[in-house]
Amino acid sequence: MTALSSPTGTRKQAPSAKPARVDVPALEQALLGKWADVRRQARELASRPEVHKVEGLGSAEHRRRAFGQMTYLVENKAVHRAFPTRLGGSDDHGGNVAGFQELVTADPSLQIKAGVQWGLFGSAVMHLGTETHHDKWLPGIMSLEIPGCFAMTETGHGSDVASIATTATYDAATEEFVLNTPFRAAWKDYIGNAAVDGLAAVVFAQLVTKGVNHGVHAFYVELRDPVTKAFLPGIGGEDDGLKGGLNGIDNGRLHFTAVRVPRRNLLNRYGDVEPDGSYSSPIASPGRRFFTMLGTLVQGRVSLDGAAVAASKVALKIAIQYASERRQFNAASDTDEEVLLDYQRHQRRLLPRLATTYAANFAHEQLLEKFDDVFSGAHDTDADRQDLETLAAALKSLSTWHALDTLHECLEDCG
Ligand SMILES: Cc1cc2nc3c(=O)[nH]c(=O)nc-3n(C[C@H](O)[C@H](O)[C@H](O)COP(=O)(O)OP(=O)(O)OC[C@H]3O[C@@H](n4cnc5c(N)ncnc54)[C@H](O)[C@@H]3O)c2cc1C
């Protein structure tokens, strides 16, 4: 401690300079955010060997393992939070996404396969369907009795969903929609659960009735016989085969030739067809209707934003711990080697990415709260939905780019 002279000449002790300390529990709580308990539970689950990826499995075995792990998630009540309380869920949209994101640390294939089943297929039935659809299909979707697909993308159109070419033409004589794939580029492609496991799908198609195309709508379509697992008549498909990653998911292609589904299989929250073929919608403008329907599926983008942050954290944890312990070269001493993190170059590789990850974490928390506000109905104006869409689009791209860069950097930083 330094002694200082006061203006009066008396000597005083300087106050001891307190070393800067991070309040770790407070920081942890802030990072865990509003759904801290759910995140803790999900991390505990993701730490169990039952849900881990086994490196080196062939894709067929990896797919079987991921499917088995989905049952484990159901048994451990990890995937039903977003569904209606009356059907065994808890109407907790933010908590559901928070829990889902942490699964990336177990096996990204399992996470995305779970995302397809409950976040895309189940969510489309929930948000685009009405109560009759919920009662009929959500229990089987939740329990995994009905493994299913979200069949939107076509070979010819991915980003531009409004231009997909599959048609669902209404036949008033039988009160059915007839689904057709008009040409090869209209095959559904890269559809999770389509190659092997999917017994049903929410299929996106142009709804045509009385000779008028009312734009893209969603239809619940049975795909396979539950016992033989063979495609039902009029349905065909292919396996997308080995991918650059996520090989625990059976992505595949689907096509439809005169496949008939009952009129009531139209998920009719935003557009309906009467028995005589008359079309009605609570949203008059076709453009607005399309974006409202797609807007209900924003959960996927919100989830990936948080999962990208979670993956960045894991990589940084490994690389920073390595840098704090690994010693190379005795740069500043004749006898002691330096830890890597004492090299400025190494600090500059890791610490700005760590800072960005903190920022991405807090930005994601705001996005998740906004998402929960909209989907719980607490703040659900048009302006809220537009803000949510804008934030989700911006943050998902930034955080997934950041995750790719961080994962690669951390890999190199570990030698
Ligand atoms: C592993 C995996 C799983 C999938 N699972 C499913 C599933 O279960 N269900 C499903 O329906 N789909 C699924 N998909 C498909 C996915 O939704 C599409 O790949 C995605 O929508 C992009 O479409 P695309 O591949 O046709 O890319 P394209 O539309 O051809 O885009 C290629 C690139 O161009 C950019 N681009 C496109 N249009 C514009 C523009 N106007 N301005 C600037 N840039 C533009 C895109 O951002 C992208 O970088 C999956 C894909 C993968 C890889």
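Whatever order the structure lists them in is the order used to number ligands and atoms, beginning at 1. Because the structure is predicted, anything quoted here is derived from the model rather than measured.
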Pairs of nitrogen or oxygen atoms closer than 3.5 Å, one from [X] and one from ligand 1: do any exist?
| X | result |
| --- | --- |
| Val116 | no |
| Ile191 | no |
| Asp189 | no |
| Lys243 | no |

Using modelled atom types only, decide if a donor and an acceptor are shared between the side chain of Glu338 and the backbone of Tyr343 within a distance under 3.5 Å.
-> no
Donor-acceptor pair, Lys396 side chain versus Leu391 backbone, under 3.5 Å?
->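 No; judged by distance alone, with no hydrogens or angles, the pair does not exist.
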Can you find a protein heavy atom under 4.0 Å from atom 5 (N) of ligand 1?
-> yes
Atom 12 (N) of ligand 1 touched by protein (heavy atom, under 4.0 Å) | yes
Taking non-hydrogen atoms only, is Ile249 closer than 4.0 angstrom to ligand 1 via side chain, backbone, both or neither?
-> neither
Specify the protein heavy atom at minimum distance from [atom]: its residue, its atom name, and the distance to 0.1 Å.
| atom | result |
| --- | --- |
| atom 25 (O) of ligand 1 | Gly158 CA, 5.0 Å |
| atom 2 (C) of ligand 1 | Tyr190 CD2, 3.7 Å |
| atom 37 (C) of ligand 1 | Ser159 OG, 3.6 Å |
| atom 8 (O) of ligand 1 | Gly192 N, 3.0 Å |

In ligand 1, which numbered atoms sit nearer than 4.0 Å to a non-hydrogen atom of Met152?
->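 Checking each atom against Met152, I get 11 (O).
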